[in-house]
Amino acid sequence: MDLLANLAAPVAGAAASLAGGGTPDVLLERPADPAHGDYATTVALRMAPSLKRAPRQIAEEIAQRIGSGGDIASVEIAGPGFINLRLSPTWYRNAVTRIRVDGDRYGAGRHDARRNVLVEMVSANPTGSLTAGSARNGAYGDAVARLVAFAGHDVVREYYFNDAGVQIDRFGESVRARKRGEEPPEGGYPGPDPIALAAEIDLPGDASIAEWSAAAVPIMFERIKATLARLRIDVDIWFSERDLHASGAIARAIGTARAAGHVYERDGAVWLATTPFGDDKDRVLIKADGSTTYFAADLAYIEHKFARGHDRLLYILGADHHGYVGRLKAAAACLGHEPASVEVPIYQMITVSGERMGKRRGNVVTADELIDAIGVDAARYFLVARSHDQAMDIDLDLAVAQNSENPVFYVQYAHARAAKLLRDAGRSTATSWAYDPRPQENTLVKRLAEWPAVVREAAELRAPHRVVGYVHALAGDWHRYHHDGKVDPTLRVVNDDADARDFRLALTEVVATTIRTALALVGVAAPDAM
RNA sequence: GCCCCCGUAGCUCAGUGGAUAGAGCACAGGCCUCCGAAGCCUGGGGCGCUAGUUCGAUUCUAGCCGGGGGCACCA
């Protein structure tokens, strides 16, 4: 149930009949100034150029065709051609009932063209604990996955890792070095993980690197899984790069690209011609020494994902991987797939006190440390509260100090207050009321009415921070309403007017439900008490 | 040199063409015998610069200036 879409429909109809065909989008906006009505649209201004007529005149004619009555109490034209709508009490009352019917599915989408989406996220190799950077990847990727699913698509979450090869060797060697009381080798892992693992693993210092790796990697993997579980991230598929090699998928993918004419040889190496599809340069698949590149595995992995029936591949990557975007899309194209079906949302870097971190730099703040410091709810909220296009910095001491004033508690508290009311006063029993809602209540209903559009855009733009912004605003509206009831007894939810009380309980319920739904989309709990 | 992201209030950030640009924190002050003060209210302060497109630009385009991240026969 998208209340605003329903409201916009007659306006769009009037506009279309005036334009005689091409229907412009009618967006209903909430004017900052209440004198401009409940909702406003600029459709007349947008139509003016193509109709070659004065926008104000167009607005007048649209207004005339809409008329008033029913949901629309009045239509006014203002300024250069704004159409301002005022809604009737009936609309507000019915809105609450309709939202209530949808319950925790309010705002959810249904799609004729349902996509089968694979979201690949985190994908950190098991050579150390998950960093705060990986936590951002996971928090962002998981929120995107939840949003896309809520929007009505099928979603699978996948974690791609490499548990063989040079990095794993260096990791095993680093652990062994610690066991021997030595420093990690050049290009190894200087952080605390190898030190801890060396103490835990019962192997002699002269055991082989392979033995050390085989012992250390599974332990590391279990820790990564435990951290993701703490973050409330459910990975559906763990995919090992090794399987691509073992199954012959790499050779097959290269064969497919070769058959399509995109593979050539030069300087003793085998190349994929990605440049024609927008990549900066062609990429090597098989090196002169006969070994395959990481990119060859990427190529095979893309083919593997499509072969599993996914038609939209999301790669959640950090800004340090932005160079991959072009080559991944080009690789898909070389395999005969639509480049746009590969989508790479890039999130900006996370730094610690202004410094870039890295497992091989040894200056890591781990995801667990972040969770230990501020809790899971605050961590997940914090990690997606800002746009993924925004770089963020973590000062762990500051984060702890500011924990109690983390905005997540503002939202959770709003939910707890509403839940308390419903606990004490019971639920609404009616589905229609004679009560004319007060302006404070209309404000809440209008906010609720925005939710389907907010969640739809957040899903399309892969922008979960919009959900956070919305739920914060909704919580603020609720806090104010709640407070108004303390100042003005006639605005209390619990009062003597049975009809008003029942309506307000219904409103309380849909506010609580929508807060819960929104928080769930970003992996944050909505406690009934705190 | 080329590519991506960012530049909005003292700080951290919302706001992807519309009528008076918002929030949190910080700062100053007010509100609990009253549905939870983890709350509410009031106040000061802001779109990096220059052109362009448009009836209208914080929003789109170009250039410039700042900050971050990339440009492997590494993984």
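Proteins come first, then strands; the chains are lettered A, B, ... in the order of their sequence lines, and each starts at number 1.
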> Among A/Val325, A/Ile302, A/Asp298, which one satisfies side-chain contact (heavy atoms from CB on, under 4.5 Å) with A/Tyr315?
Replying inline: A/Ile302
> Roughly, in whole Å, what's the span from CZ in A/Phe503 to C1' in B/rC35?
Replying inline: 17 Å
> What's the CD-P distance between A/Glu265 and B/rC73, to the nearest Å?
Replying inline: 16 Å
> When we call it a touch if two heavy atoms are under 4.0 Å apart, what does A/Asp395 touch: a base, just sugar-phosphate, or nothing?
Replying inline: nothing
> Base, sugar-phosphate, or nothing for A/Ala529, non-hydrogen atoms under 4.0 angstrom?
Replying inline: base
> Contact class for A/Tyr410 vs. all strands (heavy atom < 4.0 Å): base, sugar-phosphate, or nothing?
Replying inline: sugar-phosphate
> Please give, in whole Å, the distance from B/rG67 P to A/Met392 CE?
Replying inline: 22 Å
> What integer number of Å spans the P atoms of B/rU20 and B/rA14?
Replying inline: 24 Å
>> So, OP1 or OP2 of B/rU16: does either fall under 4.0 Å of a side-chain N or O from A/Arg466?
In response: yes
> Closest to the A/Arg492 side chain: B/rG18, B/rC35, B/rA19?
Replying inline: B/rC35
> What nucleic acid atoms does A/Ser404 come within less than 4.0 Å of, heavy atoms only: base, sugar-phosphate, or nothing?
Replying inline: nothing
> So what's B/rC34 paired with, Watson-Crick or G-U wobble, going by both distances under 3.5 Å?
Replying inline: none
>> Reading RNA chain B from 5' onward, which residue's closest nucleotide shows up sooner: A/Ala319 or A/Ala416?
In response: A/Ala416
>> By the 4.0 Å heavy-atom rule, please label A/Gly485 as base, sugar-phosphate, or nothing.
In response: base
>> From CG of A/Asp528 over to C1' of B/rC35, roughly how many Å is that when rounded to an integer?
In response: 16 Å
> Which listed nucleotide (B/rC25, B/rC13, B/rG18) is nearest to the side chain of A/Glu405?
Replying inline: B/rC25
>> Side chains of A/Tyr294 and A/Asn162 only: does a donor on one sit below 3.5 Å from an acceptor on the other?
In response: no
> A/Leu461 near the nucleic acid: base, sugar-phosphate alone, or nothing, with a heavy-atom cut-off under 4.0 Å?
Replying inline: base
> Hey, does the side chain of A/Arg283 come within less than 4.0 Å of B/rA72's phosphate (OP1/OP2), counting only N and O?
Replying inline: no
> Does B/rC71 pair with anything, Watson-Crick or G-U wobble, both distances under 3.5 Å, and if so, with which nucleotide?
Replying inline: B/rG1
> Across the strands shown, which category fits A/Ala391 at heavy-atom distances under 4.0 angstrom: base, sugar-phosphate, nothing?
Replying inline: sugar-phosphate
> Which is true for A/Ala40 with a 4.0 Å heavy-atom rule: it touches a base, it touches only sugar-phosphate, or it touches nothing?
Replying inline: base
>> Please find the pair of heavy atoms, one from A/Phe171 and one from A/Pro126, that lie closest to each other, and give the distance.
In response: CE2-O, 3.7 Å
>> Strictly below 4.0 Å: does A/Gln390 bring a side-chain N or O up to OP1 or OP2 of B/rA14?
In response: yes
> Counting side-chain heavy atoms from C-beta on, which of B/rC73, B/rC3, B/rC74 comes nearest to A/Tyr324?
Replying inline: B/rC74
>> Just by distance, no angles: are the side chains of A/Asp169 and A/Ser213 close enough, under 3.5 Å, to form a donor-acceptor pair?
In response: no
>> Please confirm whether the shortest side-chain N or O distance from A/Lys287 to OP1 or OP2 of B/rC74 is below 4.0 Å.
In response: yes
> Given the P atoms of B/rG48 and B/rC13, what is the spacing between them in whole Å?
Replying inline: 15 Å
> Just checking A/Tyr481: base, sugar-phosphate only, or nothing, at a heavy-atom cut-off of under 4.0 Å?
Replying inline: base
>> If you apply the rule side chain to side chain contact (heavy atoms under 4.5 Å, CB included), what do you find for A/Arg504 with A/Asn495, and how did you get there?
In response: CA-CA 10 Å; A/Arg504 289 169 182 178; A/Asn495 67 28; 2.7 Å; yes
> Base, sugar-phosphate, or nothing: which does A/Ile346 touch, judged by heavy atoms less than 4.0 Å apart?
Replying inline: nothing
> To the nearest angstrom, how far is A/Arg386 atom CZ from B/rA14 atom P?
Replying inline: 7 Å
>> Between P on B/rC31 and CZ on A/Arg480, what's the gap in Å once rounded to a whole number?
In response: 21 Å
>> When both hydrogen-bonding distances must be under 3.5 Å and the geometry is Watson-Crick or G-U wobble, what is B/rC25 paired with, if anything?
In response: B/rG10
> Quantified in whole Å, what is the P atom distance between nucleotide B/rC64 and nucleotide B/rG56?
Replying inline: 27 Å
>> Between A/Tyr347 and B/rC6, is there a contact of a side-chain N or O with OP1 or OP2 at under 4.0 Å?
In response: no
> Whole-Å distance between B/rC74 C1' and A/Asp298 CG?
Replying inline: 13 Å
>> Only pairs with both distances under 3.5 Å count, Watson-Crick or wobble alike; so what is the partner of B/rU20 in this structure?
In response: none
> With syn defined as a glycosidic torsion within 90 degrees of 0 and anti otherwise, which applies to B/rC35?
Replying inline: anti
> Looking only at atom C1', what distance separates B/rC35 and B/rG18, rounded to whole Å?
Replying inline: 40 Å
> If you check the A/His483 side chain, which of B/rA14, B/rC35, B/rC31 turns out closest?
Replying inline: B/rC31
>> Strictly below 4.0 Å: does A/His472 bring a side-chain N or O up to OP1 or OP2 of B/rC13?
In response: no
> Which part of the nucleic acid, if any, lies within reach of A/Asp33 when heavy atoms closer than 4.0 Å are counted: base, sugar-phosphate only, or nothing?
Replying inline: base
>> Under 4.0 Å, heavy atoms only, any strand: does A/Ala425 hit a base, just the sugar-phosphate, or nothing?
In response: nothing
> What's the closest nucleotide to the A/Arg46 side chain, out of B/rG18, B/rC3, B/rC73?
Replying inline: B/rG18
> Relative to the ring of A/Phe161, is the ring of A/Phe221 parallel (under 30°), tilted (30 to 60°) or perpendicular (over 60°)?
Replying inline: perpendicular
>> Please report the distance separating the C1' of B/rC5 from the corresponding atom of B/rG52, rounded so that it comes out in whole Å.
In response: 24 Å
> Hey, does A/His321 reach any base, or is it just sugar-phosphate, or nothing, if we go heavy atoms under 4.0 Å?
Replying inline: nothing
>> Looking at A/Lys305 and A/Glu158, is there a salt bridge between them, counting it only when a charged N and a carboxylate O are closer than 4.0 Å?
In response: no
> Whole Å only: how far is the CH2 atom of A/Trp478 from the P atom of B/rA23?
Replying inline: 21 Å
>> Classify A/Asp289 by what it touches in the nucleic acid, base, sugar-phosphate, or nothing, heavy-atom distance under 4.0 Å.
In response: nothing
> Under the 5.5 Å and 30° test, is A/His36 stacked on the base of B/rA19?
Replying inline: yes
>> For A/Asp193 and A/Ser129, which I'm curious about, is there any donor-acceptor pair between the side chains at under 3.5 Å?
In response: yes
>> Please name the nucleotide paired to B/rU61 by Watson-Crick or G-U wobble geometry with both distances under 3.5 Å, or report none.
In response: B/rA51
>> Return whichever of A/Ala385 or A/Leu491 has its heavy-atom-nearest nucleotide of RNA chain B closer to the 5' end.
In response: A/Ala385
> Using the ring of each side chain (for Trp, its six-membered ring), is A/His304 parallel, tilted or perpendicular to A/Phe239, with breaks at 30° and 60°?
Replying inline: perpendicular
